[in-house]
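Reviewing the structure listed below.
For the numbers below, each heavy atom of this structure counts, side chains included, while hydrogens, waters and symmetry mates do not. Note that the numbering runs from 1 along the sequence shown for the chain.
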Amino acid sequence: KPQTREERRKQLAEKKKKPTQKKSSKGMFKKIFLGLVIIGIIGLLAGVGTFAYMVSDAPKLDETMLKDPISSEIYDMNNELIRVVGSENRDYIEYEDIPDIVENAVIATEDVRFYKHNGLDPIRLVGAVIANVTDGFGSEGASTITQQVVKNYFLSFDKTIDRKAEEAWLSFQLEQKYTKEEIFEMYFNKIFMSENSHGIGTAAKIYFGKELKDIELHEAALLAGIPQSPNNYNPFTNPERAEKRRNIVLSLMHQHGFITAEEMKEAQDIPVTSTLVPEEEREKRKEKPYDAFVDRVIDEVEAQGDFDVFSDGLKIYTTIDPNAQTNVENALNTNEIVEFPNDEMQSGIVLLDTQTGEIRAIGGGRNREGERGWNYATDMKRQVGSTIKPILDYAPAIDYLNWGTYHMLEDKPYQYSNGEPISNWNNQYYGPMTMRSALAQSRNIPALQALQEVGLERARDFAENLGLGDSLPEQLTESAALGSYDLSPLEMAGAYAAFGNNGYYTDPHAVRKIVLRDNTEIDLSPESEVAMKDYTAYMITDMLKTAVQSGTGTEAAISNLQVAGKTGTTNYTDDQMRDWNIPDGAVPDSWFVGYTSRYTAAIWTGYEKRSKPLLADGYQQKIPQKLFKGIVSEISKNIDT
């Protein structure tokens, strides 16, 4: 078809545009590509720069620090050194003296690709990254043996990005400077093995009485499993846990080809206790001062992170008053204050500063042996009897219902809401009485009436404000009015101290701060919180003063000191009295919790087994009051109270 001049001009213009568009598209692509390359380079440089900045403060690889564990120092309330923890029980083993069976057990358990990576294990790292994304940073580690050496010798245990970067950088340096065998030797001799010891060679002697070269497969697996949680997997104190952990190690050794299925099964069938050093032959450790208090210090430090008190070179500043601690220990282990009826009777004592919540002394039990043993002041929880009445019954009635100390209650035949009858300790009823008299004379029925008026939910809320929430069930029953739930002396001391501190609760604590090797300070002193109205604390204190002056706690009264406090005993069921042949009036537990404006003490006495009773002889059940009087009167000398 013939075209006009105008049409041909347009057609020519269209042809000229097409190659121009192609050229323009190619140019745009090049620009985008170059931009991405530039951004990548900038990102890479930024990442390198960020990493360099993060590791700029990393410590140097100091050979002297790669030799021995560093002891931790414990200081008292006046910043005076009282104890050095660590650096004992340690034999150094050269790599060539480590048996293959022991090395294989450690490698299978801790880092099966140790001899293949360069300090970081990408496979473990990917798994840890996934866990940290899904569960939060620090939820799972990917530490190789090299990283553990770096962490144990040079770094703090904070799970931060900066510290992980420093760990990676130092691990890379360590791998460049030392052979794999040297790094394994460092790890092998550094790790804490419980029993105040370091290194697997030392542990072989302690637990099995053998030189390392004589260790058998099942023993090697047990030793390799201990470092993950040394005190929990200590076969002397936790043989069942230790055996489960050993069997896991054996299964890992089989999984990674170090032993056959038959060898694994044969070793798993051997009881862990069968080759342990007999108890009577175990070397007694040197006596360590303030052992019960140091137990608590270690617990609090370990709760702050992956710290090893025995080898991390920490400076731990505590709240202990050495004079008070000595008095408490003397009270429990001598007849200076009370005449204990036998050596089997036990007691747990916690002494606090009423105003700060700082633990001044801990009596972990009578005739304690060794370290990290059972602590009747902090580990034990028993029913607290009538010492709970101010906390769950009367204080909530004042705080929520505005009851006064002369609020009238009636001590009469009564029953729980479910129809079950309730009685007083002497099976008598005194009729109408004030709240003050009901508390001072420890009457059960008025206490239940108070709890019923307040309501179980509000009573529990009040107790939670006093630090008892974790030990009480979500739904209380009315038997809580009389102390039917298990609590520790530590918890009871903390709760009562709030009454003496104008209603402010401070979590009881034994550690003020930790100073790491790089001088980083970690402040552990908790903040005080309002737990009740100030007049609630005042009126409870005033009523508890009556309980000591003329109520059930007169044995705890101290001349020239204002003391507030409450007694408590628990009961046996009818079946228990019959089955255990319990005499009338005997009880399984006796308590006294009391305070001055300076000190608060919670004291429990009883026996390890509830089947052994405290007799109703007019003396045994009053021992907690006598201990309180003797201890508090002594430590209050020359103290402004």
Side-chain angles (χ1 to χ4, degrees), residues 292 321 323-352 354 360-368 376-377 380 382 384-387 425 440-442 483 488-490 492-493 496 500 544-570 585-596 598-608 612-637 639 641:
D321 178 346
N323 178 56
Q325 181 69 33
T326 299
N327 274 297
V328 167
E329 291 176 0
N330 287 341
L332 290 179
N333 297 308
T334 71
N335 293 323
E336 292 180 9
I337 295 178
V338 297
E339 188 86 29
F340 287 94
N342 52 57
D343 290 338
E344 288 75 37
M345 179 179 283
Q346 277 297 345
S347 181
I349 301 174
V350 172
L351 181 73
L352 300 181
T354 302
R360 295 293 179 229
I362 293 178
R366 300 184 63 232
N367 308 311
R368 279 169 55 92
Y376 284 94
M380 180 212 70
R382 297 281 276 260
V384 296
S386 293
T387 58
W425 59 271
Q441 298 177 39
S442 200
S488 69
L490 180 65
M492 292 301 293
Y496 267 64
L544 290 178
K545 285 162 64 177
T546 302
V548 172
Q549 292 162 359
S550 59
T552 58
T554 55
E555 293 287 344
I558 303 172
S559 60
N560 302 320
L561 276 182
Q562 296 289 323
V563 175
K566 183 72 187 74
T567 59
T569 56
T570 59
V587 300
D589 308 280
S590 181
W591 290 79
F592 183 79
V593 189
Y595 54 96
T596 69
R598 289 298 301 270
Y599 297 109
T600 299
I603 303 174
W604 165 88
T605 57
Y607 291 91
E608 180 180 356
K612 188 171 180 63
L614 298 170
L615 302 178
D617 58 1
Y619 182 80
Q620 289 190 28
Q621 296 176 23
K622 294 183 178 180
I623 286 177
Q625 298 180 58
K626 296 179 182 295
L627 287 171
F628 178 92
K629 179 177 181 177
I631 293 168
V632 174
S633 60
E634 181 63 28
I635 64 174
S636 297
K637 291 179 179 178
I639 296 291
T641 302

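For the residue pair Thr354/Thr600, the side-chain donor-acceptor check at 3.5 Å is satisfied. Side-chain N/O atoms of Ser442 and Lys566 include a donor and acceptor closer than 3.5 Å. No hydrogens or angles considered: nothing links the side chains of Thr641 and Ser636 as a donor-acceptor pair under 3.5 Å.
In terms of heavy atoms, Ala602 sits closest to Met492 at CB-CB, 4.2 Å. Of all non-hydrogen atoms in Arg382 and Trp591, the two that sit nearest each other are O-CZ2, 3.9 Å. Annotation for Thr596 and Val563: closest pair CG2-CG2, 4.1 Å, computed over non-hydrogen atoms. The shortest heavy-atom contact between Thr605 and Pro624 is OG1-CG, 3.3 Å. Counting all heavy atoms, side chain and backbone alike, Arg366 lies closest to Asn342 at NH1-O, 2.9 Å. For Val548 against Ala556, the heavy-atom pair with the smallest separation is CG1-C, 4.2 Å.
Other residues, nucleotides and ligands place more than 12 heavy atoms under 6.0 Å from the CD atom of Gln549.
With rounding to the nearest 0.5 angstrom, the CZ atom of Phe592 is 5.0 Å from the CZ atom of Phe628. Taking NZ from Lys637 and CG from Asn560, the interatomic distance works out to 12.0 Å, rounded to the nearest 0.5 Å. If you take OG on Ser633 and CG on Leu561, they are separated by 8.0 Å, rounding to the nearest 0.5 Å. Leu332 contributes atom CG, which lies 12.0 Å from atom CE of Met345 (distance to the nearest 0.5 angstrom). Taking CG from Leu627 and OG from Ser347, the interatomic distance works out to 5.5 Å, rounded to the nearest 0.5 Å. Separating the CG atom in Leu490 from the CE atom in Met380 is a distance of 11.0 Å, to the nearest 0.5 Å.
Using a 4.5 Å heavy-atom cutoff, the side chains of Val593 and Thr567 are not in contact. The shortest side-chain heavy-atom distance between Tyr595 and Leu544 falls under the 4.5 Å cut-off.
Using modelled atom types, one side-chain atom of Gln325 and one backbone atom of Ile362 make a donor-acceptor pair closer than 3.5 Å. One N or O on the side chain of Gln620 and one on the backbone of Leu615 form a donor-acceptor pair closer than 3.5 Å. Judged purely by atom type and a 3.5 angstrom limit, Thr570 uses its side chain to pair as donor or acceptor with the backbone of Asp589. Between the side chain of Gln621 and the backbone N or O of Leu614, at least one donor-acceptor pair lies under 3.5 Å.
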Test side chain to side chain contact (heavy atoms under 4.5 Å, CB included) on Thr569 and Trp425 and set out the steps.
CA-CA 9 Å; Thr569 56; Trp425 59 271; over 6 Å; no
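By the 30° and 60° cut-offs, the orientation of the rings of Tyr376 relative to Trp604 is parallel.
No cation-pi contact links Arg360 to Tyr599, judged by a cut-off of 6.0 Å to the six-membered ring centre and 45° from its axis.
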